[in-house]
Amino acid sequence: MKRFSAAGRVADELRAGRILWRAGAVPRDPGLVRVSAQAAQRYGGLGGMPTAWASVRPTAVAVIDDRRSLTFGQFAERSYRLANAFRHEFPGATATVGIMCRNHADALVTMFGAAATGARVVLLNTDFGPAQVSAVCARERIDALVYDDEFADTTTGFEGKRWQSWTASSPHDSELDRLIAAHPAAPPPPAPKAASLVILTSGSSGVPKGAPRSETRSLLLPAGLLSRIPLRGNDKVLVAAPVFHGWGLLVSTLVLSLGSTLILQRRFEATRALQRLGDDRCGAFIAVPTMVRRMLDLGDAALSGVDLSALRIVASGGARLEPTLVTAAARTFGPVLYNLYGSTEASFISIATPADLADAPTSAGKPPLGVTVRITDEAGRAVPAGSEGRIRVRTPGQIEAYTDGRRGNSDDGYFDTGDRGRIDDAGRLHVLGRSDNMIVSGGENVYPEEVELALHAHDGIADAAVVGVDDTEFGQRLRAYIVPVAGTQLEAGDIRTHLAALLPRSRMPRDIVIVAELHRTDSGKVSRHTIDELKELHR
């Protein structure tokens, strides 16, 4: 494997340290720095975080969710109690703990508490059905499961130890609450080994792959994000992106590391989220594109009635951000929109700032500190500047292999994202589409994502998905599923006229199907199950 220069790595780490210092993630008191280092040595980097945070700012508010607020001291104590509970439940061994929770404080308390025992933590997607839960729990050998009560039926096939963490009928007396209360608040014994974290790919049918991450002492992962998205200490940050996925989880952890207040809502509801942004004078809103779109759909009257003057950052990730949404967000919120492109396996890859999006609304921005992006041909050879090819990356957060043993990287240490793209003259990455989504229609290479972007530019289209289907004459053809804006009558001819002004004839969908809804996962992507059902219905 090709090695990057040691001098370059040291220089990047020093730069990362300066970024974290300026952002407020490093305590100014040397004594507190020592306490943080001791916590990391005792419980690992992840498990030691609550101890470090509580030593710096014990009485400051750490997390506010739909049922309670916790100071950093209370958050650490809750994590200690749960760590002691896991030690009691699994004496002499480290467990694999699965978490199937929506956005609330105990989803994070469970992760940090388990990590403090050296556990292996697996984050399950809340979109999973019973078959996926059973398959993942078996493959990952999960010993204990913490889940919200709405997933009780989904998780019935799991035979290990299990605790409900959120109960709608009794929000302050869940099984997890009782487990935590039954164990001491004293710091737990040192972890026998470093914890590991498994994030699952966002596929919504089949069995998603597991992307494992071990402890790392590199500063590049948090600093890389801060080098492009200027989160700062003492902010209030509403994280609506799901915390079971890399985007929401990374930002949530970083917000707490900065000493900011993390605001979580179990379910995203645009009106309620908008009100929270105004009432709490949030400095940042972390979302997926669907959430930004739904907030803008509330209309000018609702948006103008809320004081958003403190909002410095609207950061979108997890799915493609359409140019029309970029324009609408800039018009409503001002120059505060950031667009993150990444993957479960590689973490973040590039981030577009407001300036990038003003110049190139379709771009995914530039690689942050510590990230290298290459555009190559199918054999892995670099293509000329500006040319289209496969996107291969090297990032501080990438995995070496999946949990099933399959390799994630090539021999030179680069990860193939499965996407195709190009880099423009300004060094910005443009993602064209998934390599496995590309179809060949009449000899032309066509990306459904390109057509989706054009459809979203139509004022009467609320949502759209484009797929390839078999065709006896052309091999494959495009089919577009379109959700009209409420109260709008859409005609196929009008849609084709709209597309003809934006795209070559080879990109024109042969089939245009009007549907009432396109179900999207919590990470903002149209679910594969939805597409499969629509294909079967409109064969």
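What you see is a predicted model; the values in this text were computed from it and never measured.
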**Message:** According to salt bridge (Lys or Arg N to Asp or Glu O under 4.0 Å), does anything in residues 325-353 pair up with another residue at least two apart or in another chain? List the pairs.
**Reply:** none

**Message:** Regarding Asp177 and Arg78, does a basic nitrogen lie under 4.0 Å from an acidic carboxylate oxygen?
**Reply:** yes

**Request:** Indicate yes or no: at least one non-hydrogen side-chain atom of Ile313 is less than 4.5 angstrom from one of Leu231.
**Result:** yes

**Request:** List in chain and number order the residues that pass side chain to side chain donor-acceptor pair (under 3.5 Å) with Glu449, two or more places apart in sequence or in another chain; answer none if no residue qualifies.
**Result:** Asn437

**Asked** Would you say the side chain of Val97 lies within less than 4.5 Å of the side chain of Phe86, judging by non-hydrogen atoms?
**Response** yes

**Carboxylate-amine/guanidinium contact Arg266 Glu150, below 4.0 Å** = yes

Listed pairs under 3.5 Å, donor-acceptor, residues 139-146 side chains, sequence neighbours left out:
from, atom 1, to, atom 2, distance (Å)
Arg139, NH1, Pro208, O, 2.9
Arg139, NH2, Pro208, O, 3.0
Glu140, OE1, Arg120, NH2, 2.5
Glu140, OE2, Thr403, OG1, 2.7
Asp143, OD2, Thr96, N, 2.8

**Message:** Would you compute the distance between atom CG of Leu340 and atom CD1 of Ile351 and round it to the nearest 0.5 angstrom?
**Reply:** 4.5 Å

**Test item: Tyr338 and Pro354 side chains (from C-beta on) under 4.5 Å apart, heavy atoms** = yes

**Asked** Hey, what's the ring geometry for Phe75 with Trp53, parallel, tilted or perpendicular (30° and 60° as the breaks)?
**Response** tilted

**Asked** Are any of the side-chain heavy atoms of Thr167 and Asp173 separated by less than 4.5 Å?
**Response** no

**Item:** Nearest heavy atoms of Thr395 and Ala346, plus distance in Å
**Value:** OG1-O, 2.6 Å

**Complete:** Shortest non-hydrogen pair, Cys101 vs Ala107, comes out as CB-CB, 3.8 Å

**Request:** Using the test side chain to side chain donor-acceptor pair (under 3.5 Å), find all partners of His104 that sit at least two apart in sequence or belong to another chain.
**Result:** Asp148

**Prompt:** Considering only heavy atoms from C-beta outward, does the side chain of Glu322 approach that of Leu325 to under 4.5 Å?
**Reply:** yes

**Asked** When you measure from the centre of the six-membered ring of Phe268, is the NZ or CZ of Arg294 under 6.0 Å away and within 45° of the axis?
**Response** no

**Message:** The criterion is ring-ring contact (aromatic ring centres under 6.0 Å, His included); which residues satisfy it with His519, sequence neighbours excluded?
**Reply:** none

**Asked** Just wondering, are more than 12 heavy atoms of other shown residues or ligands nearer than 6.0 Å to CG in Asp404?
**Response** yes

**Prompt:** How long is the span from the CG atom in Asn339 to the CG atom in Asp356, to the nearest 0.5 Å?
**Reply:** 9.5 Å

**Prompt:** Are the charged groups of Asp66 and Arg267 less than 4.0 angstrom apart, N to O?
**Reply:** no

**Heavy-atom pair with the smallest gap, counting every atom of Leu256 and Ala62** = CD2-O, 3.4 Å

**Asked** With a 4.5 Å heavy-atom cut-off, do Phe244 and Arg102 have their side chains touching?
**Response** no

**Prompt:** With sequence neighbours excluded, what pairs up with Trp247 under the ring-ring contact (aromatic ring centres under 6.0 Å, His included) test?
**Reply:** none

**Request:** Indicate yes or no: does Arg67 engage Asp106 in a salt bridge with an N to O separation below 4.0 Å.
**Result:** yes

